[in-house]
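All figures in this text were calculated on a predicted structure; none of them were measured in a lab. Indexing begins at 1, ligand by ligand and atom by atom, following the structure's order.
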Amino acid sequence: MSHPIPVILDCDPGHDDALAITLALARPELNVLGITTVGGNAGLENTTRNALRILALLNRPDVPVAAGIDDPLLRPLETAPEVHGKSGLDGADLPEPISEARPEGAIAFLAATLAASPEPVTLIPTGPLTNIGLLLLAHPELKPKIARICLMGGAMGAGNWTPSAEFNIWVDPEAARIVFRSGLPITMCGLDITHKALMGLPEVDRLRALGTRPGDVFADLLFFFTRFHLERYGTADTPIHDAVAVAAVALPHLVGTRPHHVDVEVNGELTRGMTVVDHRGQPGKTPNVDVALDIDRAAFAELVIEAVASFR
Ligand code: BDR
Ligand code: CA
């Protein structure tokens, strides 16, 4: 294997963000340079604390965490307590943090880490794109230091937060538009693929059967996460959205993509936060995004369980 890909996770943990962090830290293909947090599933204080608690669970206090922006660029923050609970990560007995967030904050941390990296870094955002949008506005000179943005967000088809918008893009569409229009290579792991990356009650049992503390905690977290999906969609099979974006970087052969031109609707009365995908391949609409569409459910679930099993 060639040397690991340097990545930074930008997230709002979040049950599926927690699994994304775990997968990223488990994979030898990736070198996690740090984790930045953003307001999304819960407010910034909670998402930062949740990231630190997951690192405590995995006994990885060495991974730098930097707290970013709480409110979206132009709007008040909308959180998702009905999906992730009040804390953003309800349902399990998580350890207290054993490390602290860095004092400089996410934008300064991102800028310094990119500037210092000898090779371009892949960003993996799995929350609203506020931090990344702001980074691109504040530090356009660092674009060459970004190899790719492989994000969880958006959809080619229907949304999940509104009929037309996926949650992460809905929360901060202006930031999302900055990212999608940045000219950087983008992979969009939206609902088209994440609704194929399902885990449910059999996986809760498998995590529990690991007989480890991380196994128990993730069994409880997954069980909590399935509860919302059971109530809302009538099935406990639950998309582990954010871990797909990590899998797409670590093991790209698992993910089928198609190039499309994608832009973000920021004003639509009914379509705010929609990722508008051009299916026609018209002249003048050069594809700017690799849209991820396919993943093998069993292989994905195996990968996630294997990741949790690698921590004791
Ligand atoms: C996205 O929204 C959040 O609730 C999840 O963590 C994921 O990033 C799915 O729409
Ligand atoms: Ca998320």
- request: Give a yes or no on whether a salt bridge exists between Arg206 and Glu306, defined as a side-chain N under 4.0 angstrom from a carboxylate O.
  value: no
message: Do the side chains of Lys196 and Asp296 get close enough for a salt bridge, i.e. N-O under 4.0 angstrom?
response: no
query: Are more than 12 heavy atoms from other residues, nucleotides or ligands located less than 6.0 Å from atom CZ of Phe224?
result: yes
Inventory of protein N or O atoms under 3.5 Å from ligand 1 N or O:
{"residue": "ligand 1", "atom": "4 (O)", "partner": "Asn41", "partner atom": "OD1", "Å": "2.7"}
{"residue": "ligand 1", "atom": "4 (O)", "partner": "His84", "partner atom": "NE2", "Å": "2.8"}
{"residue": "ligand 1", "atom": "6 (O)", "partner": "Asp16", "partner atom": "OD1", "Å": "2.7"}
{"residue": "ligand 1", "atom": "6 (O)", "partner": "Asp16", "partner atom": "OD2", "Å": "3.2"}
{"residue": "ligand 1", "atom": "6 (O)", "partner": "Asp17", "partner atom": "OD1", "Å": "3.1"}
{"residue": "ligand 1", "atom": "6 (O)", "partner": "Asn41", "partner atom": "ND2", "Å": "3.1"}
{"residue": "ligand 1", "atom": "6 (O)", "partner": "Asp242", "partner atom": "OD2", "Å": "3.1"}
{"residue": "ligand 1", "atom": "8 (O)", "partner": "Thr126", "partner atom": "O", "Å": "3.0"}
{"residue": "ligand 1", "atom": "8 (O)", "partner": "Asn168", "partner atom": "ND2", "Å": "3.0"}
{"residue": "ligand 1", "atom": "8 (O)", "partner": "Asp242", "partner atom": "OD1", "Å": "2.6"}
{"residue": "ligand 1", "atom": "8 (O)", "partner": "Asp242", "partner atom": "OD2", "Å": "3.1"}
{"residue": "ligand 1", "atom": "10 (O)", "partner": "Asn160", "partner atom": "ND2", "Å": "2.8"}
{"residue": "ligand 1", "atom": "10 (O)", "partner": "Glu166", "partner atom": "OE2", "Å": "2.4"}

field: Any side-chain donor near an acceptor of the partner, Thr187 and Arg148, under 3.5 Å
entry: yes
- request: Go through the side-chain N and O atoms of Thr47 and Asn50 and say whether any donor and acceptor fall under 3.5 Å apart.
  value: no
query: Are the side chain of Asn131 and the backbone N or O of Ile69 linked by a donor-acceptor pair below 3.5 Å?
result: yes
Residues forming a side-chain contact (heavy atoms from CB on, under 4.5 Å) with Thr79, sequence neighbours excluded: Leu77, Pro81
- prompt: With under 30° as parallel and over 60° as perpendicular, where do the rings of Phe225 and His15 fit, or are they tilted in between?
  reply: parallel
- request: Show which residues join Met274 in its hydrophobic cluster (side-chain heavy-atom contacts under 4.5 Å, direct or indirect), or state none.
  value: Val276
message: Taking 3.0 Å as the limit, list every protein N, O or S atom around the Ca ion (ligand 2), by chain and residue number.
response: Asp12 OD1, Asp17 OD1, Asp17 OD2, Thr126 O, Asp242 OD2
